[in-house]
Amino acid sequence: SIIAGPVHGTIVAVDTLLSTGDTVMPGGLSYTSTIGYFGNDSFRIRVSDGQASDTTTIHVTILPSPSAITGVNNICIGSTTILSDIAGGATWTSSNTAIATIGSGSGIVISVSVGTTVISYTLAGSGCAAADTITVNPLPLPITGVTSVCVGATTSLTDAGGGTWISSNTTVATVGSSSGVVNGLSAGTTTIIYTLPTGCLTTTTVTVSPLPFAIKGATSVC
């Protein structure tokens, strides 16, 4: 039972044990600190067997936790990202280094394979930690289709995954955002980019060739 509650938290004492004559260890006592508070706290409890009882004061030290981890937590395979935390002086770890690794002191995440991993930032001494889930997404498949076209003509490019098409130089060629149909406008080259909803992308270069000059010469003959 609770004799005096804590000032900076709440406790629950719900345990009842059946004594067999041996030493018993009461459980069912939990303490939850007030959000945002760190420092010292205490409370007093009584343990009774119905005939005799004893009391004790429990002192609790609440240690500060790191703040929330910041940074991009969705990356593409083959890329890196940097995570940060304002606490400083802590150590970064990855729960699954087959998915992504992280520099223990730098917070630089390097993708290894597609999947998810939990990145933890743990303060030295206290063991208090913040965590964030990193998702490594696959790249689109290579773009397929004819990548050369004449001025005034079209060519169709394809890829899987429901992504979006764009052209880096719309004066040379445009591309349908959902169709992948490239329209040659002027001679030159442009990069066609195919981007998945995850932000992962692949590219190909399309060359637009000029048409020949008009044919000259007599067009009738005996």
Side-chain angles (χ1 to χ4, degrees), residues 1-77 79-137 197-200:
S1 59
I2 303 167
I3 298 174
V7 176
H8 302 289
T10 57
I11 57 174
V12 177
V14 296
D15 202 17
T16 301
L17 294 177
L18 177 63
S19 175
T20 61
D22 297 325
T23 300
V24 295
M25 184 68 68
L29 178 66
S30 64
Y31 170 89
T32 304
S33 63
T34 302
I35 295 176
Y37 174 79
F38 61 91
N40 297 318
D41 202 359
S42 65
F43 54 91
R44 193 164 181 81
I45 61 170
R46 174 183 287 111
V47 178
S48 173
D49 65 1
Q51 296 181 356
S53 65
D54 194 9
T55 61
T56 187
T57 299
I58 298 177
H59 298 275
V60 181
T61 300
I62 301 98
L63 302 169
S65 294
S67 58
I69 295 171
T70 58
V72 176
N73 56 12
N74 264 279
I75 61 175
C76 303
I77 186 70
S79 65
T80 64
T81 187
I82 300 177
L83 302 180
S84 59
D85 196 293
I86 63 174
T91 302
W92 296 95
T93 57
S94 169
S95 67
N96 191 343
T97 54
I99 299 298
T101 61
I102 187 167
S104 61
S106 65
I108 299 175
V109 178
I110 301 175
S111 61
V112 177
S113 61
V114 173
T116 60
T117 182
V118 176
I119 299 296
S120 299
Y121 187 66
T122 307
L123 294 175
S126 70
C128 297
D132 194 14
T133 298
I134 293 291
T135 300
V136 180
N137 299 295
T198 58
C200 299

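All values below were derived from every heavy atom in this structure, side-chain atoms included, with hydrogens, water molecules and symmetry-related copies excluded. Bear in mind the structure is a predicted one, so any value in this text is a computation, not a measurement.
The closest side-chain heavy-atom distance from Ser113 to Val136 is not below 4.5 Å. Looking at Asn74 and Thr198, their side chains never come closer than 4.5 Å, going by heavy atoms from C-beta outward.
Atom-to-atom distance recorded for Arg44:CZ and Thr56:OG1 is 6.5 Å, nearest 0.5 angstrom. Annotation: the span from Thr32 atom OG1 to Ile11 atom CD1 amounts to 10.0 Å, rounded to 0.5 Å. Going from atom CD1 of Ile58 over to atom CD1 of Ile45 covers 4.0 Å, rounded to the nearest 0.5 Å. With values rounded to the nearest 0.5 angstrom, Ser65 atom OG is found 11.0 Å from Ile62 atom CD1. The distance from the CG atom of Asn40 to the OH atom of Tyr37 is 6.0 Å, given to the nearest 0.5 Å. Taken from CG in Asn73 to CD1 in Ile134, the straight-line distance is 5.0 Å, to the nearest 0.5 Å.
Shown here for Thr57 and Ser42, the closest heavy-atom pair between the two residues is CG2-CB, 4.2 Å. Taking each heavy atom of Asn96 and Thr117 in turn, the nearest pair found is N-OG1, 2.9 Å. Looking at every heavy atom in both residues, Ala130 comes nearest to Ile69 through O-CD1, 3.7 Å. For the pair Ile75 and Ser79, the tightest heavy-atom approach, listed with the atom from each and the gap, is CB-OG, 3.7 Å. Between Val118 and Ala131, the shortest heavy-atom distance links the atoms CG1-CB, 3.9 Å. In terms of heavy atoms, Thr93 sits closest to Ile102 at C-CG2, 3.7 Å.
Of the possible donor and acceptor atoms, one in the side chain of Thr34 sits under 3.5 Å from a partner among the backbone N and O of His8. Side chain of Asp41 to backbone of Val7: a donor-acceptor contact under 3.5 angstrom is found.
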TODO: For Ile108 and Ile82, run side chain to side chain contact (heavy atoms under 4.5 Å, CB included): C-alpha distance rounded to whole Å, both residues' side-chain angles, the deciding distance at 0.1 Å, then the answer.
DONE: CA-CA 4 Å; Ile108 299 175; Ile82 300 177; 4.0 Å; yes

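In summary, of the residues considered (Thr101, Asp132, Leu83, Val72), a side chain to side chain contact (heavy atoms under 4.5 Å, CB included) with Val109 occurs for Leu83 alone.
Ring orientation note: the planes of Tyr121 and Trp92 are tilted relative to one another, at an angle of 30° to 60°.
Thr116 and Thr135 are not linked by any side-chain donor-acceptor pair at a separation below 3.5 angstrom, with hydrogens and angles left out of the test. Thr55 and Arg46 are not linked by any side-chain donor-acceptor pair at a separation below 3.5 angstrom, with hydrogens and angles left out of the test. For the residue pair Ser84/Thr70, the side-chain donor-acceptor check at 3.5 Å is satisfied.
For CZ of Phe38, the number of neighbouring non-hydrogen atoms (other residues, nucleotides, ligands) closer than 6.0 Å is 12 at most.
Screening residues 41-77 for disulfide (SG to SG under 2.5 Å) gives Cys76-Cys200 as the qualifying pairs, with residues at least two apart or on separate chains.
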